[in-house]
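This report concerns only the one structure given below.
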Amino acid sequence: MAYNPADYEARRRGYTQQYAATGAMNAYANFLARQRGTRERQGIMEQYDRAQPQVVAGYSRRGMVGPNVRSGLFARGLQDFAKQRARTFSEFDQGQQEQQRSYDLGEAQRLEAFRNQLADMESEKAQTIADAARQLYARRAGAI
């Protein structure tokens with residue numbers, strides 16, 4: 001088999017184009033996930049902002065808060081509300097970070113696969129060149 005560099009160059013370009021195309025798709029998917037996460041976080045914030053006056057009003061209706069009244073139950077209720085809000089945001093942010101790590105891992109795996117494809121191709125190319133050289137040497141030596 002004769003060595004033809006055009007075959008290997010075409011494969012290398014194909015691998016590179018595939019890597020670039022999947023990279024663009026992954027980057028866009030990551031961008032959309034970040035946008036979605038931002039909107040979801042804003043939605044959670046709006047829910048808590050709407051719920052806070054209702055929590056205060058509930059204590060006010062029961063006479064636990066007012067101009068000269070400060071109930072321990074009211075203070076504890078607000079603390080619990082604030083803790084729940086902080087916990088919700090913490091869990092949400094942790095989920096977003098895990099999702100980002102997943103994209104980063106996928107990108108690292110994709111890059112490693114691309115490098116392996118190129119390395120395999122280069123190894124195959126070197127083997128083809130060595131085989132062609134052996135055949136040429138054998139032909140010159142009169143073995144073939």
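Computed from heavy atoms alone, side chains included, the values below leave out hydrogens, waters and symmetry copies.
Distance check: S90 OG to Q94 CD gives 6.0 Å after rounding to the nearest 0.5 Å. In this structure, CD1 in I129 is found 11.5 Å from CZ in R134, a value given to the nearest 0.5 Å. Atoms CD and CG, on Q109 and N116 in that order, are 11.5 Å from each other to the nearest 0.5 Å. The line from OH of Y103 to CG of N26 is 8.0 Å long, rounded to the nearest 0.5 Å. Note that CE of M121 and CD of E124 are 8.5 Å apart. Values are rounded to the nearest 0.5 Å. Between L118 atom CG and R11 atom CZ the span is 10.0 Å, to the nearest 0.5 Å.
The backbone N or O of R34 lies less than 3.5 Å from a partner atom in the side chain of T38, making a donor-acceptor pair.
At a threshold of 4.5 Å between non-hydrogen side-chain atoms, the residues L78 and Y59 do not count as touching. The closest side-chain heavy-atom distance from Q117 to Q18 is below 4.5 Å. Proximity of T22 to F114: side-chain heavy atoms (C-beta onward) are nowhere separated by under 4.5 Å. You'll find the side chain of R62 stays beyond 4.5 Å of the side chain of F74, heavy atoms only. Side-chain contact between Q47 and R50 is present, with heavy atoms from C-beta onward closer than 4.5 Å. Q96 has its side chain out of reach of R41: every pair of non-hydrogen atoms, C-beta onward, lies at least 4.5 Å apart. R12 has its side chain out of reach of Y8: every pair of non-hydrogen atoms, C-beta onward, lies at least 4.5 Å apart. A 4.5 Å side-chain heavy-atom check between N30 and Q99 finds every atom pair outside the cut-off.
Scored by the side chain to side chain contact (heavy atoms under 4.5 Å, CB included) test, D120 finds no partners at all (sequence neighbours excluded).
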For salt bridge (charged side-chain N to carboxylate O under 4.0 Å, His left out), just list the numbers for E9 and R13, CA-CA rounded to whole Å, side-chain angles, deciding distance to a tenth of an Å, and then say yes or no.
CA-CA 6 Å; E9 182 59 25; R13 277 195 311 270; 3.6 Å; yes
Verdict with supporting geometry, D93 and Q97, side-chain hydrogen bond (donor to acceptor under 3.5 Å, both in side chains):
CA-CA 6 Å; D93 291 342; Q97 289 172 349; over 6 Å; no
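A donor atom on one side chain and an acceptor atom on the other are not found under 3.5 Å apart for D131 and Q135. Side-chain N/O atoms of Q84 and T88 include a donor and acceptor closer than 3.5 Å.
In this structure, R101 places its CZ atom where more than 12 heavy-atom neighbours from other residues, nucleotides or ligands lie under 6.0 Å away. Remark: Y137 OH is loosely packed, at most 12 non-hydrogen atoms of other residues, nucleotides or ligands lying under 6.0 Å away.
Salt bridge D49/R85: present, at least one basic N to carboxylate O contact under 4.0 Å.
A cation-pi geometry, defined here as NZ or CZ lying under 6.0 Å from the six-membered ring centre and within 45° of its normal, holds between R110 and Y19.
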